[in-house]
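Take a look at the structure set out below.
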Protein chains: 2
Amino acid sequence: MSQPSAPRKTPGRPARISREDIIETGRRIVTEEGVDRLTMRRLAKDIGSTPMALYHHVRDKEELLVLLLDDYATRTMHRPELPADPRERIVVAASAIHDVLAACPWIVEVLTADDLMSTSALWFVEQIVGGLMECGLNPERAVHAYRAIWYYTAGEIVVRTAAARRRAADERPTYREQVFAGLDPSEYPRLAQVADRWAPLTAEDTYVVQLRALVDGLLLTR
Amino acid sequence: MSQPSAPRKTPGRPARISREDIIETGRRIVTEEGVDRLTMRRLAKDIGSTPMALYHHVRDKEELLVLLLDDYATRTMHRPELPADPRERIVVAASAIHDVLAACPWIVEVLTADDLMSTSALWFVEQIVGGLMECGLNPERAVHAYRAIWYYTAGEIVVRTAAARRRAADERPTYREQVFAGLDPSEYPRLAQVADRWAPLTAEDTYVVQLRALVDGLLLTR
DNA sequence: ACCTGAACACCGTTCAAGT
DNA sequence: ACCTGAACACCGTTCAAGT
């Protein structure tokens, strides 16, 4: 997102801290201790300054988070070799975005605050939209199809991250486990049938196979 | 989620406030002023009590939010007539969940804290999983397919809610608009091609048509 | 059993002043 | 131009005491 922060040509007092310092320290806190521990006060302390000094370099905490996401994406989104087959290219590009975000559990907080994603992801979006068009979709349908892929990907990450957080925080059996244990088979026959396998089944990572299904469905001529 | 809060048989001091009072007041604050304004202190004030009195009826704020989601779902998730055709039944049931959540913008905060959803949604899940099995998927594949539908649905809501919030908060052009305006057509030919139509295209509500594509893809025998 | 008051350990951000 | 200190207006939650 990084609105170019016009580097000042030393017209006044020399800056003691920079945007880069802030991002670097913020990255350290977030990766080492989690996004919850990132506060303006804590960051200022670690950087050896005061909370209000930060506000000369970032507009507010939300901008800081977006800056950190941008920094993370730039650092980790390296363009891979993509297959020549357009359908396969879509799957690989979407999976690349997915894997980067999935490896970054604090992303979820920012995802809902961010304008989708940084410029680093643009190349991947280009590949996906391009692949969809090569497969015969017109530009409008390609954009809509890309969005469906993005919704599926973002949803997978949000839900999985939430589930992981709950497992970490909670020792006692989840509410869902209780519900499934006492399921009335006459009212919910299908769910009762899979009740005892629900937890392991939903823990399986099926992102890619379902992504393929989604892409296949999007490319069907209906 | 509502762990049954064993109603006490007046063994000690009579309760001045109840779980129901708390939920009712919480619902009012959330619907009238948004989830951000719901604090334990504010809720206590509105209910005419003290913050700590609340902690005798709910474990913490997270439980309160889950209780409120549960309350909302129970109130609004009415079972509709579903079509006999299983494929169509899946689409209608998923759309019903989607529409209820989409009408409830504060849901997103809770979605990431909640064990998926309340018992009120279980009937819809049963219909979806049942429909998938009727269409020929074995139980395992049906559960996985249901999850893909849920990811897509949750993602759509999270991303759209975030986008709406940004539009509301921000007057200036979004970062994405700036990026698309200055897109290099030689590096991003496909995106450049749709750049000027990106905003209206992504604003279109295509949840149901893309859901159909997803369901079609999930039901393909591959 | 249920509620209260005071306190703990924090937040993000504004404002006015300093260098 | 950049930074500081103090203050504003809050948080969720714990603890010890009251009824």
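Letters A, B, ... are given to chains in the order of the sequence lines, protein chains preceding strands, and every chain is numbered from 1.
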Over how many whole Å does the gap from [X] atom [atom1] to [N] atom [atom2] extend?
X	N	atom1	atom2	answer
B:Asp21	C:dC2	CG	P	13 Å
B:Tyr55	C:dG5	OH	C1'	15 Å
B:Met40	D:dC10	CE	P	18 Å
B:Arg59	D:dT13	CZ	C1'	13 Å
A:Glu63	C:dT13	CD	P	11 Å
A:Leu43	C:dC11	CG	P	11 Å
B:Lys61	D:dT14	NZ	P	15 Å
B:Asp36	C:dC11	CG	P	19 Å

State whether [X] places a side-chain N or O below 4.0 Å from either non-bridging phosphate oxygen (OP1 or OP2) of [N].
X	N	value
B:His57	C:dC3	yes
B:Ser49	C:dT4	yes
B:Thr50	C:dC3	no

Next item on the list: Ignoring the backbone of A:Ile17, work out which of D:dC11, D:dT13, D:dC3 is nearest its side chain.
Entry: D:dC3

Next item on the list: Rounded to the nearest 0.5 Å, what's the gap from CD1 on A:Ile128 to CD1 on A:Ile90? Could you check?
Entry: 8.0 Å

Notebook entry, point to check: Does C:dT19 pair with anything, Watson-Crick or G-U wobble, both distances under 3.5 Å, and if so, with which nucleotide?
Noted result: D:dA1

Next item on the list: Please determine, for D:dC8, whether a Watson-Crick or G-U wobble partner exists with both distances under 3.5 Å, and give it or none.
Entry: C:dG12

Margin query: Any donor-acceptor pair under 3.5 Å linking the side-chain atoms of A:Asp71 with those of A:Thr74?
Written below: no

Check: In terms of side-chain heavy atoms, does B:Glu156 have a donor or acceptor partner in B:His98 at a distance below 3.5 Å?
Finding: yes

Check: Looking for any heavy atom pair under 4.0 Å, which part of the strands does A:Ala53 touch: base, sugar-phosphate only, or nothing?
Finding: base

Notebook entry, point to check: Nearest nucleotide by nearest heavy atom, which residue falls closer to the 5' end of DNA chain C, A:Arg42 or A:Met52?
Noted result: A:Arg42

Checklist line | Nearest-Å distance once atom P is located in both D:dC8 and C:dA9 | finding: 22 Å

Margin query: On DNA chain D, does the nearest nucleotide to A:Arg41 precede the nearest nucleotide to A:His56 from the 5' side, or the other way round? Give the residue.
Written below: A:His56

Check: Using 4.0 Å as the upper bound for N to carboxylate O, is an ion pair formed by B:Arg19 and B:Glu63?
Finding: yes

Next item on the list: Could you tell me whether A:Tyr152 and A:Tyr207 have their ring centroids closer than 6.0 angstrom?
Entry: yes

